[in-house]
Undergrad: 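Pasting a structure here, questions to come.
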Amino acid sequence: GGTMEEKRIAAKRAVDYVHDGMIVGLGTGTTAYWAIKKLALKVHEGLNIKAIATSIQSEELARKLGISLISFSDIDEIDITIDGADEVDYNFNLIKGGGGALLREKIVAAASKQLVIVVDQSKLVNRLGLFPLPVEIVKFGHEVTMKNLSKLQCKAKLRMKNEKVFVTDNGNYIVDCHFDSIENPKELHNKINLIPGVVDNGLFVDMADKVIVGYQNGEVKELY
Ligand code: DER
C-alpha cells in the first residue's frame, strides 16, 4: 500500500468537492479516514453537512470528531460519497472490501449522486484481480457457497481475524477470492451475485464518478 501522505493529499482534494448543506457518504479504510478528519476540520470551521457512514468504525470516528450523522430513514439520496479502493483499473472499475465494509459501501455508493474514489498510486492497476476479490456471504451454508465461488476459477478463502472467522457489521462472512486475473469485471460481478448465499461482492463496476490519486512527490491527480 501507499504512504500516509499520498492517502492524505488525495483525501484532502476530495473534500474540496463537499459544499454547505450536502449529505455526505463517509467511506471506510485508512484513506477515507483522512477524508473524515478533513471534513471534521471544515465542520468546525462552519461547514454545514450531514453524513452517513459505510461502517461502524467510520460512524464512531465521525461521531467522535463531531460530524452529525443521519440515516436512510431521514433521506433517500446522498450528494457525494468519498471512499477508498483496493484496486482501480483504467475503466475506473474498482475492487473494494479490503476493510470488510463492501456491503454498506456499495449501498451508500449506489445512493450517491457522486462517488469520489481516493487512492494512493499503488492502487492503480492495468487489470483487476491481483488483489483478492472480497465477497460477502451469509453464514448459513457458507461451505457450499464457497464451493460454488471456487467454480468460478478462484481460490476462495474464508477471511479470519484474530484466529476467528471475521464477521462483518452486518453479521455475515467475507470470502477472499484469489483469481489469476479478472478479464470482464461486469460479467464476473453478475455471476458471483447470482450464487445463492452471496450478499454482494467487492467489484464496483461503472460506479466511480471521480478518481483522485496521491503521488509520492506530493502531487495529486484527478484521473477522471
Ligand atoms: O475496504 C474498503 O473498501 C476500503 O475502502 C479499501 O478498499 C481501501 O482501504 P485503504 O484506503 O485503507 O487502502
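Start at 1 and go down the list; that is how both ligands and their atoms are numbered. Just so it is clear, the model here is predicted, and its values are computed rather than measured.
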Undergrad: Out of curiosity, is G27 lining ligand 1, as in a heavy atom under 4.0 Å away?
TA: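 Outside the 4.0 Å threshold, so no.
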
Undergrad: Which atoms of ligand 1 sit under 4.0 Å from any heavy atom of G84?
TA: 5 (O)

Undergrad: As an exercise, identify every atom of ligand 1 less than 4.0 angstrom from a heavy atom of G29.
TA: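 Atoms satisfying the 4.0 Å criterion: 12 (O).
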
Undergrad: In ligand 1, which numbered atoms sit nearer than 4.0 Å to a non-hydrogen atom of E105?
TA: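 Ligand 1 atoms under the 4.0 Å threshold to E105: 1 (O), 2 (C), 3 (O), 4 (C), 5 (O).
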
Undergrad: Any N/O of G99 closer than 3.5 Å to an N/O of ligand 1?
TA: yes

Undergrad: Tell me whether D180 at atom CG has more than 12 heavy atoms from other residues, nucleotides or ligands lying less than 6.0 Å away.
TA: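 Counting other residues, nucleotides and ligands, CG of D180 stays at 12 neighbours or fewer.
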
Undergrad: Using a strict 4.0 Å threshold on nitrogen-to-oxygen distance, state whether E187 and K191 make a salt bridge.
TA: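 Counted as a salt bridge, because a side-chain N and a carboxylate O are separated by less than 4.0 Å.
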
Undergrad: Tell me the protein heavy atom at minimum distance from atom 11 (O) of ligand 1, and give that distance in Å.
TA: T31 OG1, 2.7 Å

Undergrad: So which heavy atom in the protein is nearest atom 7 (O) of ligand 1, and how far is it from that ligand atom?
TA: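 Going by distance alone, atom 7 (O) of ligand 1 is nearest to D86 OD2, 2.8 Å.
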
Undergrad: Can you confirm, on distance only, whether ligand 1 has an N/O atom lying under 3.5 Å from any N/O atom belonging to G97?
TA: yes

Undergrad: Does K42 NZ have over 12 foreign heavy atoms under 6.0 Å away?
TA: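 More than 12 within 6.0 Å, yes.
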
Undergrad: With a sphere of 6.0 Å drawn around CG of L152, does it hold more than 12 non-hydrogen atoms of other residues, nucleotides or ligands?
TA: yes

Undergrad: Quick check: do S71 and D74 have side-chain heavy atoms less than 4.5 Å from each other?
TA: yes

Undergrad: Examine K96 relative to F204 and say whether NZ or CZ is less than 6.0 Å from the centre of the six-membered ring and inside a 45° cone about the ring axis.
TA: yes

Undergrad: Distance under 4.0 Å to a non-hydrogen atom of T30: what atoms of ligand 1 satisfy this?
TA: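 Near T30, meaning under 4.0 Å from one of its heavy atoms, ligand 1 has 10 (P), 11 (O), 12 (O), 13 (O).
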
Undergrad: How long is the span from the CG atom in L39 to the NE2 atom in H44, to the nearest 0.5 Å?
TA: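 If we round to the nearest 0.5 Å, L39:CG and H44:NE2 are 11.0 Å apart.
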
Undergrad: May I ask you to list the atoms of ligand 1 that are less than 4.0 angstrom from any heavy atom of D83?
TA: 5 (O)

Undergrad: For L102, is the nearest heavy atom under 4.0 Å from an atom of ligand 1?
TA: no

Undergrad: State whether D176 and R159 are salt-bridged, where the test is any N-O pair (Lys NZ or Arg NE/NH1/NH2 against Asp/Glu carboxylate O) under 4.0 Å.
TA: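 R159 and D176: salt-bridged.
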
Undergrad: What's the shortest distance from atom 4 (C) of ligand 1 to any protein heavy atom, and which residue and atom give it?
TA: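 Heavy-atom neighbour on the protein nearest atom 4 (C) of ligand 1: T28 O, 3.2 Å.
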
Undergrad: Please check if the number of heavy atoms outside Q57 that lie under 6.0 Å from its CD is greater than 12.
TA: no

Undergrad: Is any N or O atom of G98, backbone or side chain, closer than 3.5 Å to an N or O atom of ligand 1?
TA: yes

Undergrad: Show which atoms of ligand 1 fall inside a sub-4.0 Å distance from at least one heavy-atom site of K123.
TA: 10 (P), 11 (O), 13 (O)

